[in-house]
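Working notes for the structure below.
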Amino acid sequence: MPPKREATDDLSSLRQKSRYDYLAKREEVKLAELRQQVQEEAEEERTNPTLSKRELEQFARNRTTLQLAEDRARIDQTSSSGFFIPDSQFDDKAELLHKKHIPGPNLPHTSEFQQWEDDQISRSLAKNRHARTGTTREAEDDYEFVFDTTTAPQWTSDSDGQILDPEKQRLQTQLDEAELKIKTIDETRRALPIFKYKEELIAAIRDHQILIISAETASGKSTQIPQYLKEAGYTAQGCIACTQPRRVAAMSVAKRVSEECHVRLGRDVGYTVRFDDRSGPDTVIKYLTDGMLLREMTHDVTLSRYSVIILDEAHERSLSTDILAALLKDLVTVRSDLRLIISSATLDAKKFSSYFRDAPVFSVPGRRFNVQKYFTAQPEANYLTSSISTAYQIHLSQDKGDILLFLTGEEEIEAAATSIEETARKIGNRAQELQVRKLYGALPADEQAKCFEPTPPGCRKLVIATNIAETSLTVDGIRYVIDCGYTKENQYNPRTGMEALCVVPASRASVNQRAGRAGRQSDGMAFFLFSKHSYWNELPENTVPEIMRVNMASVCLTLKSLGINDLLNFDLMDKPPPEALAQGLELCYTLGALNQEGQLTKVGRSMSVLPLEPMSARVLLAAEKFGVLDECITIIAMVSESASLFMRPKDKKVHADAAHKRFAAKEGDMLTYLNVWREFEDSEYSNLWCKENFIQYRTINRARDVRTQLESLCERIGLEPSSNPTDHIAIRKALLSGFLPNAARLQRDGQSYRTLKNGLTVYIHPSSGLMEARPRFVVYSELVLTSKEYMRNVFEIDGQWLSEIGPMLYKQSDIEKLGLEKKMPKGQGKVGIDGQ
DNA sequence: GAGCACTGC
């Protein structure tokens, strides 16, 4: 039997071979090529005086790259390599698994893993036997020699951290970056799955005015198709527009394409999103958010400057994409020169095709890795606890790779994170470290950023996220996805005007998308915390499109301003409930945006210019009359972002509440916002001030952007600037003019309110400053159904104002009658005027 | 006396 030292070396060299030999060889060849290239470039630079600046820069870059690569090669020769795994690591895991410290759902394992687990346990027992008989060394040797590198999962230990010194890591990163650049952009483009179909694709677009492209993610469609079209000459008479449902996507794709085309962003290739326009007269490939293209249509109904419109990610069915699709379907019959491309996921292509008059479907395969899906045998009673134990099962039994756990909201995520960290403390150093990271929209930006930090060697990262990680944000290095199978969905009831955020089963499309997050860089695994039966029988096939479950008022106004008069017969892919449309139209009429014939009025025209809900837009028009435009712009901007304005960390609730109380205005929350804004302005928009006062910096900054935009739009629609900071009566009257249908009156019990319009029983939200005062008449900006029916953003009004400002809605006599005579529903007694 | 999935103009 060989001595131990040699055994260790043997093992490590074996492992090194399997992992690094080919890498080293590849690098050697690459280095030689690079040396040659740099030499040739140097020669060229010396002899050719007509080189462009770009070429010279490229040469310089290549020289730096070579330098780095040679440094790296030197370090490699001097550093000792080793991927030895201390057996204690295995021992601990085996013990853990053997004793089954972690209870969990009956997770289906791969058979190899099962085999490995059994082996580990028996080996561990054997080793202990050896230890007891005093043959420790033999035991160790024995253990290392039976270790089979081909079947056992590759565990790494803390010692990896000591092997890689920071300097080497830094160089490695730089080298990786440089390597990416060596691979010329053209090469990358050619490697995309879509490249093979380039000619066919161009031909298809030439032959068909509408084309559905069904392509999987990572096929390169968003970046390549506009470039192919440009090469095919479609930019000669017009511009190519490519819509994205999200701002960041529009911006990053535009940046990428401008690099591929070797042009400066904002010239030939640009993007347009709200608050940020980087496009100009030369722009021929323009990425924009779907909402932005819709807004452009209100200025130019035929989109005359565009020759091609690409609706990207149409399968996500965002509100704007759906409306655009309907408008464009119409537009192509008028503009025969316009090409329309709808890009969607494979599953929905058929639906899009039949909607667009049986347009042909062009399929492009993607470049995704395989994700193995696992279901639970039985439905899980509590997805929160089973998701936690599943995470631990993966952590203790599976190969390297980070875990992504989908839960429904902030509360669950915080609870899960606390519980997992507690368990981690109990296990201590018997398992490798598990870093828990949280990810949800309301999380402050610096906390969010922690998810994207690379996982240190010897650690595993567990990201607990909401839907935000499904499409909006991508975490690298995920190999395992755990999905609770539920989502929070906003449901709007057009009859009552109430919103509710409900936990509902996620759709099959959604859970598949989530599972796909495990297969971005290598093969992955997805663990669904529901049974296969539920998957097919309880999960809806697709998420209900946004247009089916939102307030239609804003949509009505937009469509009317585009000259669509018959909304009920407007050819949308999925038609919203007629009730919702009727309610939307009615509101527009109440606000004076539509006349009795349902035509857009002058007021309505002005309102449609403002990127706001109709009620908020109406406030600004009224504010001019009351001479408080400046104040109302601030308030409306803050209200539109109010949901996550005040921060309330769990551990500092008392401090936060105290800080927020300072801003409270006795007339109501709307004036509280005004106070917050004024102090923020006085602090010169300071981040520190926000921290001290528990205000979300990100949110208030967005409100600042909205405010600036509204200011300039108000000027454009001809509103006279005015300000009167102390006249709180005028401010509230202006607000009432917009939120007119949202008035409520205190009921006899002195607790609840009754909405004047629908007679619903509602309550002031406990976060409101008017919670204790409970004035007789209040107005709110929205109704939310949580544990109770709550009014949010409440302010006090005088009952007299209702008939003064909204005589068509409220008659003074009615209001008085309501107080004295009208009976409550269900015979609960009379509504009295309290305090009298 | 209590919660806020995610976008977008």
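It should be emphasised that the depicted structure is a prediction, and the values quoted were computed from it without experimental measurement. Letters go in sequence order (proteins before strands), and every chain restarts at 1.
In the interface, the side chain of A/Arg792 is not paired with the base of B/dA2 through any donor and acceptor atom under 3.5 Å apart.
Of all nucleotides listed (B/dA5, B/dC9, B/dA2), B/dA5 comes nearest to the side chain of A/Leu501. For A/Pro766, the side-chain atoms get nearest to B/dA2 when compared with the rest of B/dA5, B/dA2, B/dC9. When distances are taken from the side chain of A/Val273 to each of B/dG1, B/dC6, B/dC9, the shortest belongs to B/dC9. For A/Arg247, the listed nucleotide lying nearest its side chain is B/dC9; candidates were B/dC4, B/dC9, B/dC6. For A/Lys488, taking side-chain heavy atoms from C-beta onward, the closest of the listed nucleotides B/dC9, B/dA5, B/dT7 is B/dA5. Among the nucleotides B/dG8, B/dA2, B/dC6, the one closest to the side chain of A/Arg648 is B/dA2. For A/Glu546, whose side chain is taken as the heavy atoms from C-beta onward, the closest listed nucleotide among B/dT7, B/dG8, B/dA2 is B/dT7.
Atom CE in A/Met607 sits about 15 Å away from atom C1' in B/dC9, given to the nearest Å. A/Tyr440 has its OH atom 14 Å from the P atom of B/dT7, to the nearest Å. As rounded to whole Å, 11 Å separates atom P of B/dA2 from atom CD of A/Gln751.
When each of A/Asp657 and A/Gln709 is assigned the nucleotide of DNA chain B with its nearest heavy atom, A/Asp657 is the one assigned upstream, toward the 5' end. Between A/Glu613 and A/Asn467, the residue whose closest nucleotide on DNA chain B is further toward the 5' end is A/Asn467.
Taking the charged nitrogens against the carboxylate oxygens, A/Lys575 and A/Asp322 have no contact shorter than 4.0 Å, which rules out a salt bridge. Contact check on A/Glu313 versus A/Lys221 returns a salt bridge, with a Lys/Arg side-chain nitrogen under 4.0 Å from an Asp/Glu carboxylate oxygen. The pair A/Asp276-A/Arg247 fails the salt-bridge criterion, with no side-chain N (NZ, NE, NH1 or NH2) lying under 4.0 Å from an Asp/Glu carboxylate O. Taking 4.0 Å as the cut-off between side-chain N and carboxylate O, A/Arg549 and A/Asp574 do not count as a salt-bridged pair.
Here A/Ser472 lies in heavy-atom contact (under 4.0 Å) with sugar-phosphate atoms only. Using a 4.0 Å heavy-atom cutoff across all strands shown, A/Thr786 reaches sugar-phosphate atoms only and no base atom. At a threshold of 4.0 angstrom between heavy atoms, the contacts of A/Arg246 are confined to the sugar-phosphate backbone, with no base atom among them. Heavy atoms of A/Tyr790 sit under 4.0 angstrom from primed sugar atoms or phosphate atoms, though from no base atom.
Side-chain N/O atoms of A/Thr466 include one lying less than 4.0 angstrom from OP1 or OP2 on B/dC6. Between A/Thr289 and B/dC9, a side-chain N or O to OP1/OP2 separation shorter than 4.0 Å is present.
Note on ring orientation: taking the six-membered ring where Trp is involved, the planes of A/Tyr697 and A/Phe680 are perpendicular (angle over 60°, cut-offs 30° and 60°).
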